[in-house]
Each structure stands twice: as structure tokens, then as C-alpha cells.
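FYI, side chains are in, hydrogens and waters are out, and symmetry mates aren't considered; it's all heavy atoms of this structure.
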Amino acid sequence: KIKKPVDFGFLDFTTLEKRRLYCDQELRLNSRLAPDIYLDVVPISGTPEVPRVSGGGTVIEYAVRMREFPQEALADRVLARGELTPRHIDALAALVVDFHRRVPCSGKSHGYGAPETILAFAAQNFAQIRAHPLQASQPQPVDEIEAWSLLEQKRLREAFLRRKNKGRVRECHGDLHLGNILLLEGEPRVFDCIEFNPDLRWIDVMNEVAFVVMDLRAAGRRDFAARFLNSYLESSGDYGGLEVLRYYLVYRAMVRAKINLLRALQLGPGIAESLALEEQFRRYLALAQSYIREPRGFVALTHGFSGSGKTTLSQPLLELTGAIRIRSDIERKRMHGIAATNHPEAGIAGGLYAADVTDSTYQRLLELAGTILESGHGVIVDATFLKRRHRDLFRAFAAQARVPFSIVDFPVREDILRTRIAARIQMGQDASDADLAVLDHQLA
């Protein structure tokens, strides 16, 4: 992979030394997620007509040597063929969560992720779009999105700073859309991260998450977008990131709109591929507009014994509605620093399941529900809710927020509950600690 000697402002590859530097950066950064694809940096000598790779002599160019993979494995193509599955989405979310945990945080004194940096890149999108003659024929959507973005950026200034101070600005991938994700041996892999501009790479992790969510929505898979977001949040616990998510969804939609417009300009007017890119530009504009509409959430509680299917059946519900689900089984453990799939020994009414801990867990779920609702999402609270006082907490909360409130009941025969719990214990992969003794206690 050879870099062109170009200067686009946000990247500068005009000298041989710069191209070598960014080849080294590309190798280092992509080795974090795809070490078997990015192999090394090689010198090229000889002449442009008869180049020699790693052949000695005066170097005329540098290149990143990569392992070739089939283009049919790219996630956008797999999705278009209808072969991307929920398991792939969950695996991708797990990969991204693990990556974000491993990469370094930006120092508080660095400008990375600062409100001014965020605004500058958003403003650049609008300026580059306005310079294109196609945009002049339909300025209204761009004007509306830009005005909203400026107001939202001011409103969220303190939130951006809080996120940065909490270590949420990290050395991310920077360009995490479906075209930079592939499936190898059935598992998602991520490649082609941004090496040429650290400001585009050192970003809020929610900025990165937004790119995947937005791209899945743009591809017509709202269910996969909701599934990926929920899986990421459930594993990372970063529900506070929802405060800035909508801003980043609009930003990422405008990035893709701009890229399609610039590619159309390079190809020239009237060409079939150029016309298709212009249509993509309009689609991303429409998606950005849909994100800036004032959303209205809802509160839905699950209600039922352990093994009644609350988690299993609330999954398609969240994918259908775009809601965010919070699970008592996971948040109870997170509050005490325990991994979701760890199962500590505890009595039915002791340890993690003592009455005061249970009350604290429902209070934590209530706090998270407030954060989610303020972000404009519906919230599904996945817990047994067998006690009226716990249900009343959320009923009052929904009434105060003036949003719809529902209780989704899961009536299941006792013999089926026992069979399901036994099977779940045997598999050992679920966050729930409930065994048959817990079920007996609930039934009593």
C-alpha cells in the first residue's frame, strides 16, 4: 500500500520522509486490531518504471505490506448479501469494547477531544459540502443540520469536557464504518484506522461507536444498530456517553455525506457511479436530519420470575424500538466490581441479594433510566420487579418525565421455569445468578 504525494490540509504526504513516517504509523496503529493483516513497512528502490521492493539501493518510496483478503469479506458487502448475523454484531461490539479498554487515554492538558477541536471538524464538513455545486441546489437541509450542530455543540460543551476528564477520549480507530470491518473465518476484524491525523483518532469512544451505529442505520438495519449500541453499553457500562451520542451520530452522517460528495466530484458529472454517490449524499443528509428531530422516549418494565424469558424477549423489543435496555443482573454486579458472567456464592437473602443491596440496585437502574431518557431513547428495565414498591418508583419517574409507561408481563408455567433455569446454569454464560432455590423463594 503506497501513499500518494498529496496535501489535503487534514493530511500531508508530500515528502518521502512524511510518507515513511505515516507508513510506520499505519503499521503500528493497525497492529492493535489486525496484526496478521499488517505485516511490515518496506522500502522501494530502483525506478518508477522498474521498482524493486526491499531490493537495496536508493529508496524512492515506502509501502505498507499487507496480507490480502477477499473483498467479499468486507462487512458492508456481507450485509448487502444478507449474511451478517446477530452473532457477528455482538462479536463486533465485544471487540470494540475490549479495544477501547486497552488503548491509552488522552491527557487532560492535550487538545484531543476538546470542544473546540470537535467543533472545528464539524465545521470543516459543512464548509467542504458547501463548496460543492450540487449542494447549492438544496441548501436547506445543510443549513438546518449546521444550525442544530452549532447549538448542540454549545449545549454539550461541559459534557464534552466531563467526558475528556473521565478518560473517555482515547486513541481510537477513528474511521470505524462497515467498509473498514471484515469477516475472517466468521469473526469480525477491523482495519485501516486513521494514521495521518491524531485529532481524528484521539476521540471520545462514543464518537467511534456512533460511526458503527449510524452506518448500520444508513444500510437500513435499525435492528443491528440498536443491537450493537446495546451490546456495547451493556459491556462497557458507558451509559453516560448517550448524552453526546446524538451529536456524534449527526457528525458521522455528515462525514459520510461529505465523502460521497467529494468522490462524486472527482468522477465528474453525469457518470453512473457519480450519480449513485450523489444519491448516497442525499441519503446521509436525510439520516442526519432524522437524528436532529426532538425524540420522545418511554419507560417499559419487565415483570416475571427468573427463567420467564425477560432478557430473551426484550432483545427483539429493543431492536424494534431502538430503546436502551438495562439489566439488574448486570448492574447489580457492576456496582460491586464483579464481571457479568462471574457467579459468586451467596445466600438468597444475603450478599449481593440482601434486601438493601436489591433496593440499591433498583435505585441505580432508576438513575440510569434518567440518563437514557434524557438522551431521547426509550428505556427497557430488565428486572423481576416482583415488588410493587420497585414498580412504583419507575411509574412515578415516567409520570414526572411525561412519557409512556408500560409493564411487560412474562407469565410462564413453573415446570418450564425450572427447565429453563437448569439449562441456563448448565451453559454458564448468562449474567443471572438465579438457581432453583432462588426460583422457589420468588414463587413463595
Can you check whether [Y]'s main-chain N or O pairs, donor with acceptor, with [X]'s side chain at less than 3.5 Å?
| X | Y | answer |
| --- | --- | --- |
| N30 | C193 | yes |
| N180 | L176 | no |
| K310 | T384 | no |
| R32 | L29 | yes |
| K333 | S328 | no |

[X]: which residues meet the side chain to side chain contact (heavy atoms under 4.5 Å, CB included) condition with it, sequence neighbours left out?
| X | answer |
| --- | --- |
| E279 | R282, R283 |
| V53 | V42, I44 |
| L265 | H132 |
| L313 | F410 |

*Run the salt bridge (charged side-chain N to carboxylate O under 4.0 Å, His left out) check on E208 and R170 step by step: do they pass?*
CA-CA 10 Å; E208 183 130 288; R170 296 176 173 249; over 6 Å; no
According to salt bridge (Lys or Arg N to Asp or Glu O under 4.0 Å), does anything in [range] pair up with another residue at least two apart or in another chain? List the pairs.
| range | answer |
| --- | --- |
| residues 213-233 | D90-R227, R221-D223, R227-E319 |
| residues 111-122 | E116-R157 |
| residues 241-255 | R162-E243 |

*Pairs in or reaching into residues 396-408: which pass side-chain hydrogen bond (donor to acceptor under 3.5 Å, both in side chains), with residues at least two apart or in two chains?*
none
*Grab the two heavy atoms, one from F405 and one from R391, that are nearest each other, plus how far apart they are.*
CZ-O, 4.3 Å
*Might you point out which heavy atoms bring F126 and S149 nearest each other, and give the distance in Å?*
CZ-OG, 3.8 Å
*By ring pair (Phe, Tyr, Trp, His ring centres under 6.0 Å) - contacts of F298 (at least two apart)*: none
*Sequence neighbours excluded, which residues qualify as ring pair (Phe, Tyr, Trp, His ring centres under 6.0 Å) partners of Y248?*
F160
*Do any pairs count as a ring pair (Phe, Tyr, Trp, His ring centres under 6.0 Å) and have a residue in residues 73-107, sequence neighbours left out, and if so which ones?*
H100-Y232
*asked:* For Q266 and R263: C-alpha separation, side-chain torsions, deciding distance, then whether side chain to side chain donor-acceptor pair (under 3.5 Å) applies.
replied: CA-CA 5 Å; Q266 289 175 336; R263 286 176 178 168; over 6 Å; no
*Apply the test salt bridge (charged side-chain N to carboxylate O under 4.0 Å, His left out) to residues D204 and K166: give CA-CA distance (whole Å), side-chain angles for both, the deciding distance (0.1 Å), then the verdict.*
CA-CA 10 Å; D204 192 316; K166 287 183 176 180; over 6 Å; no
*Given the side-chain rings of H177 and F211, with only the six-membered ring counted for Trp, is the space between their centroids under 6.0 Å?*
yes
Side-chain heavy-atom pair [X], [Y] within 4.5 angstrom cut-off:
| X | Y | result |
| --- | --- | --- |
| R189 | D36 | yes |
| Q363 | D359 | no |
| T358 | R332 | yes |
| F397 | L373 | yes |

*Angle class for the H390/Y362 ring planes (parallel below 30°, perpendicular above 60°, tilted otherwise)?*
parallel
Report, one line per pair, each donor and acceptor closer than 3.5 Å where one atom sits in a side chain of residues 71-79; sequence neighbours left out.
none

*Run the numbers on F13 and R19 for side chain to side chain contact (heavy atoms under 4.5 Å, CB included), then give the verdict.*
CA-CA 5 Å; F13 296 158; R19 294 195 292 279; 3.9 Å; yes
